[in-house]
Every structure is written in structure tokens, then in C-alpha cells.
Participant: 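Quick one: this structure, given as C-alpha cells, is what I'll be asking you about.
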Amino acid sequence: MALQPSLSPMLIAGKFDAPHTLDIFRDNPALSSAKLSRTIDTVLKPWLDKGGKYHGQVKLIMRLQVQPWHASSTFTHEAGIAVARVSPEHFWAFSLKLFENQGDFFDIPTSTMTPLQIREKLADLAAGLVPENKVDEFRELLKLKSTPNGGVAVTDDLKYTIKFSRQNGIHVSPTTLWDGLVANEISSSWGEAEWSKFLSDKV
């Protein structure tokens, strides 16, 4: 499916010209998204990247899915987009680090924090991954604009991801599309055996 050029780092596995596409919609504070992301990293990426059995045949696009009932969701996705801007090669690593630390961004831990404090906490998380000379640039992207309700520098990209989800009727995280159609059979609890059967049947 289509992917806005500024969000190209969201293609986390496989080649751009691969004929088949897995679109996986996930939300950073969602437990099931964290579970699926670990499987993506240990099972799917090795298969889809160079040297893997499905390299050149399937690509995987990570779609950011803001779920408003998770209060910090917007902030965490802004941070992911900011990393994709300043250090694209670290987008997936930052995503995994967010999932490893997602409990810090659940409702109760963030309930006494201001938006600025949450963004600063996310900047501290990014600082452990992105090059040192890019950390200040990351922070700048998450600074509020001068207009009272203008968002931050990555707000337009965030709007794109939300509009994309809405127009495709995506409601829950994670949701997986295979070649543009929802694959309801895919579960966050799937392991190597289930994914192996799915891909062997589809490719």
C-alpha cells in the first residue's frame, strides 16, 4: 500500500518493490502490539530482510495507530516519527525500546506528568539510540509551535498516519493487512509456526 515519502522508515523489512505487503497497525502503549513486535523482530524481519527466505517477495510496513484511550499514545508516536526524521535507521530500534519501556507510558505513570515532561522522557529514551549530534534536533521536532494550537513539527506526519487508519477502517491494535485486505486470522500470539504456514500459503 501507499506510504508517504517522509514516513519511508516505517518500511522496516523487505524491499520497496516486493510484490506482497504486510501492513501492521500498532499502538505503542498496547500490550498486544508489544507482543507482536517481538515476533516481528525475531521471526518476520529475518525472513523478509536480505538473505531471508522471503526477501524480495514480501515487505513489512509498520503503521502507527494512535488509540486515544491510551492517553500517552500521541506523544509516543510523535517521538517515533521524530526519530524517523533525524535518524531513520534507528526507527525500528527505537520502536522496540519503546515497547521494552512501555509501562513507563501507561495511563497511571503518566497521569501526573505534563505533556512537556512526557516528551522529555521520550527524548531521554531516544538519546540512548540516536547519534549524540541528533538528540537536540529530535527535541526541536517535539517542541510546540508558536501558534497556540499548532502542534509540533511532526504533527502533519502524525495526521497522515491517523487519516490513513481511519479511511481504511482500522479500529484495534494490532491489525494486519495482507496486500491491502484485513487478515483477521493473524494474532499477536502467533509464533514462528503460524507465520511460516501463513506465508507459505500466501507467497
Side-chain angles (χ1 to χ4, degrees), residues 1-30 33-34 36-37 40-41 44-45 48-50 55-56 58-68 70 72-99 102 105 118-119 122-123 125-126 129-131 134-135 137-145 150-183 186:
M1 294 180 76
L3 184 63
Q4 185 170 285
S6 63
L7 297 174
S8 60
M10 310 304 169
L11 195 157
I12 63 166
K15 298 174 64 178
F16 272 100
D17 59 355
H20 294 291
T21 304
L22 270 170
D23 288 282
I24 299 182
F25 294 77
R26 53 84 164 162
D27 186 19
N28 293 319
S33 290
L36 178 55
S37 290
I40 290 169
D41 195 54
L44 291 178
K45 274 183 64 61
L48 305 187
D49 284 338
K50 190 173 182 180
H55 180 64
V58 181
K59 60 182 173 289
L60 194 162
I61 299 174
M62 186 58 61
R63 302 286 185 176
L64 308 186
Q65 169 74 351
V66 175
Q67 296 188 124
H70 293 144
S72 70
S73 181
T74 292
F75 303 120
T76 63
H77 287 299
E78 286 176 345
I81 295 171
V83 169
R85 286 261 194 102
V86 304
S87 189
E89 66 275 19
H90 289 103
F91 168 73
W92 179 240
F94 180 73
S95 296
L96 291 175
K97 193 167 184 179
L98 257 178
F99 284 125
Q102 71 174 179
F105 300 97
I118 296 171
R119 289 186 172 112
L122 288 161
L125 204 62
L129 283 175
V130 304
K134 295 290 186 179
V135 175
E137 187 178 345
F138 172 91
R139 284 189 165 94
E140 282 297 316
L141 290 175
L142 298 186
K143 280 187 177 179
L144 293 168
K145 295 178 182 178
V152 298
V154 298
T155 296
D156 286 344
D157 278 350
L158 184 66
K159 286 179 179 178
Y160 170 88
T161 69
I162 294 169
K163 290 174 182 177
F164 189 90
S165 296
R166 287 177 177 174
Q167 78 167 13
N168 287 290
I170 306 300
H171 299 292
V172 298
S173 171
T175 294
T176 301
L177 276 57
W178 174 260
D179 289 343
L181 297 180
V182 175
I186 293 176

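Residue numbers count from 1 along this sequence.
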Participant: So, do L44 and V58 sit near enough that their side-chain heavy atoms are less than 4.5 Å apart?
Facilitator: no
Participant: Does any part of the side chain of L129, heavy atoms only, come nearer than 4.5 Å to the side chain of V83, both counted from C-beta?
Facilitator: no
Participant: Side-chain contact, heavy-atom cut-off 4.5 Å: L142 with F75?
Facilitator: no
Participant: Would a 4.5 Å heavy-atom cut-off, applied to side chains only, mark M62 and I40 as touching?
Facilitator: yes
Participant: Decide yes or no on side chain to side chain contact (heavy atoms under 4.5 Å, CB included) for F164 and I170, but give the supporting numbers first.
Facilitator: CA-CA 9 Å; F164 189 90; I170 306 300; over 6 Å; no
Participant: Could you check whether any side-chain heavy atom of D27 comes within less than 4.5 Å of a side-chain heavy atom of H77, counting everything from C-beta outward?
Facilitator: yes
Participant: May I have the step-by-step check of side chain to side chain contact (heavy atoms under 4.5 Å, CB included) for M10 and L64, ending in yes or no?
Facilitator: CA-CA 9 Å; M10 310 304 169; L64 308 186; 4.0 Å; yes
Participant: Quick one: list whatever passes side-chain hydrogen bond (donor to acceptor under 3.5 Å, both in side chains) with Q102, sequence neighbours left out.
Facilitator: none
Participant: What's the separation between atom CG in L158 and atom CD1 in I81, rounded to the nearest 0.5 Å?
Facilitator: 4.5 Å
Participant: At their closest point, which heavy atom of V152 faces which heavy atom of E78, and how far apart are they?
Facilitator: CG2-OE2, 3.7 Å
Participant: Using every non-hydrogen atom in the two residues, find where A79 and F138 come nearest and quote the distance to one decimal.
Facilitator: O-CE1, 3.3 Å
Participant: Please output the side-chain donor-acceptor pairs of residues 88-97 that fall under 3.5 Å, not counting sequence neighbours, one pair per line with the distance.
Facilitator:
| from | atom 1 | to | atom 2 | distance (Å) |
| --- | --- | --- | --- | --- |
| E89 | OE2 | S87 | OG | 3.4 |
| H90 | ND1 | S87 | OG | 2.5 |
| W92 | NE1 | D41 | OD1 | 2.8 |
| S95 | OG | R26 | NH2 | 2.8 |
| S95 | OG | F91 | O | 3.0 |
| K97 | NZ | L125 | O | 3.4 |

Participant: Looking only at side chains, do N28 and T76 share a donor and an acceptor under 3.5 Å apart?
Facilitator: yes
Participant: Just by distance, with hydrogens left out, do Q65 and S165 show a side-chain donor and acceptor under 3.5 Å apart?
Facilitator: yes
Participant: Please report the shortest heavy-atom distance between A13 and L48, naming the atom on each side.
Facilitator: CB-CB, 3.9 Å
Participant: Going by heavy atoms in the side chains, are R85 and V154 under 4.5 Å from each other?
Facilitator: yes
Participant: If I compare all heavy atoms of R63 with all of A2, which pair ends up nearest, and what's the gap?
Facilitator: NH2-O, 2.7 Å
Participant: Any sub-3.5 Å donor-acceptor pair from S72's side-chain atoms to F105's backbone N or O?
Facilitator: yes
Participant: Minimum heavy-atom separation for H171 and Q67, please, with both atom names.
Facilitator: O-OE1, 3.7 Å
Participant: State, with a plain yes or no, whether a side-chain heavy atom of H55 is found less than 4.5 Å away from one of K15.
Facilitator: yes
Participant: Supply the atom-to-atom distance T175 OG1 to N168 CG, rounded to the nearest 0.5 angstrom.
Facilitator: 10.5 Å
Participant: Counting distance only, does the side-chain N/O of K45 pair as donor-acceptor with the main-chain N or O of I12 below 3.5 Å?
Facilitator: yes
Participant: Looking at F16 and S8, what are the two nearest heavy atoms and their distance?
Facilitator: CZ-CB, 3.9 Å
Participant: State the OG1-CZ distance between T161 and R166, to the nearest 0.5 angstrom.
Facilitator: 10.0 Å
Participant: Which value, rounded to the nearest 0.5 Å, describes the distance between I162 atom CD1 and D157 atom CG?
Facilitator: 11.0 Å
Participant: Report the distance from atom CH2 of W178 to atom CG of D23, rounding to the nearest 0.5 Å.
Facilitator: 10.5 Å
Participant: Once rounded to the nearest 0.5 Å, what's the spacing between atom CG of L3 and atom OG1 of T21?
Facilitator: 10.0 Å
Participant: Kindly indicate whether the side chain of L122, heavy atoms from C-beta on, has any atom under 4.5 Å from the side chain of L98.
Facilitator: yes
Participant: Should we count NZ of K145 as having more than 12 external heavy atoms under 6.0 Å?
Facilitator: yes
